[in-house]
Amino acid sequence: QVQLVESGGGSVKPGGSLRLSCVGSTFGPMFDNMCVGWFRQAPGKEREGVAHVSSGSSFTSYANSVKGRFTLFRDNAKKTVYLQMNKLKPEDTATYYCAAADRPRCWTLESAEFRFWGQGTQVTVSS
């Protein structure tokens, strides 16, 4: 079983930055072998894939809406995946969820590809 715990959300002004963290609680090296992604869902909208990173960080994919502003990286020694969010916009306001797939690499930003989910952390971008 895998438990994912997100942190780092909060309120920030447009143009500001936040770093989200996702800590995976697993036995042994399981988390190290999982592709991990971030999703977000704003009120009244469908869940949107933001980015994912392969187990060894060789492959990273971003949604067009965040390319050039968000960076996803992981520290397997700490069983943690980070989402660095810069130049935040009001439209980035959402609940952000960490998710893990039970394989080393993911191929899409579709929710169905991810098996384990965290509880989410709120990000609000407002002046």
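Being a predicted model, the structure only gives us computed values, none of them experimental.
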- Task: Run the numbers on Val36 and Cys98 for side-chain contact (heavy atoms from CB on, under 4.5 Å), then give the verdict.
- Result: CA-CA 7 Å; Val36 177; Cys98 175; 3.8 Å; yes
- Using the side-chain contact (heavy atoms from CB on, under 4.5 Å) rule, take His52 and Arg105 through it: C-alpha gap first, then chi angles, then the decisive distance, then the call. CA-CA 9 Å; His52 65 68; Arg105 183 178 176 182; 5.8 Å; no
- Take Asp32 and Lys79, measure what salt bridge (charged side-chain N to carboxylate O under 4.0 Å, His left out) needs, and give me the verdict at the end. CA-CA 7 Å; Asp32 304 354; Lys79 297 190 184 300; 3.8 Å; yes
Which pairs of donor and acceptor atoms, one on a side chain in residues 8-20, lie under 3.5 Å apart (sequence neighbours left out)?
unit_1 : atom_1 : unit_2 : atom_2 : d
Ser17  : OG     : Asn86  : OD1    : 2.9
Arg19  : NE     : Gln84  : OE1    : 2.8
Arg19  : NH2    : Gln84  : OE1    : 3.3

- Task: Please collect all side-chain hydrogen bond (donor to acceptor under 3.5 Å, both in side chains) contacts where either partner lies in residues 53-64, sequence neighbours excluded, each pair once.
- Result: Asn64-Lys67
- Message: Would Val81 and Leu72 count as a side-chain contact (heavy atoms from CB on, under 4.5 Å) here? Give the steps.
- Response: CA-CA 7 Å; Val81 174; Leu72 182 60; 3.4 Å; yes
- Item | Arg40: partners by salt bridge (Lys or Arg N to Asp or Glu O under 4.0 Å), with sequence neighbours left out |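 Result, salt bridge (Lys or Arg N to Asp or Glu O under 4.0 Å) vs Arg40: Glu48, Asp92.
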- Message: Membership question, hydrophobic clusters at under 4.5 Å side-chain separation (ILVMFWY): are Met30 and Phe116 in the same one?
- Response: yes
- Query: So if you build clusters from Ile, Leu, Val, Met, Phe, Trp, Tyr with side-chain heavy-atom gaps below 4.5 Å, do Val50 and Val23 land together?
  - Reply: no
- Message: For Thr95 and Gln122, which I'm curious about, is there any donor-acceptor pair between the side chains at under 3.5 Å?
- Response: yes
- Query: Got more than 12 heavy atoms from elsewhere within 6.0 Å of CD, Glu46?
  - Reply: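 Counting neighbours around CD of Glu46, 12 or fewer heavy atoms of other residues, nucleotides or ligands fall under 6.0 Å, so no.
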If I compare all heavy atoms of [X] with all of [Y], which pair ends up nearest, and what's the gap?
X      : Y     : answer
Thr93  : Ala42 : O-CB, 3.6 Å
Pro104 : Cys35 : O-CB, 3.6 Å
Gly120 : Glu6  : N-OE1, 2.9 Å

- Message: Once side-chain contact (heavy atoms from CB on, under 4.5 Å) is applied, do any residues pair with Lys78, and if so which ones, sequence neighbours excluded?
- Response: Asp75, Thr80, Tyr82
- Query: If you link I, L, V, M, F, W and Y whenever their side-chain heavy atoms are under 4.5 Å apart, who else ends up in the same group as Phe114?
  - Reply: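 Cluster partners of Phe114: Phe39, Tyr97, Trp117.
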- Pairs satisfying salt bridge (charged side-chain N to carboxylate O under 4.0 Å, His left out), at least one member in residues 110-119, at least two apart: Asp102-Arg115, Arg103-Glu113
- Message: Working to the nearest 0.5 angstrom, can you tell me the gap between Leu109 CG and Trp38 CH2?
- Response: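 Output value for this atom pair is 14.0 Å.
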- side-chain contact (heavy atoms from CB on, under 4.5 Å) between Tyr96 and Gln41, worked out: CA-CA 7 Å; Tyr96 283 70; Gln41 188 166 20; over 6 Å; no
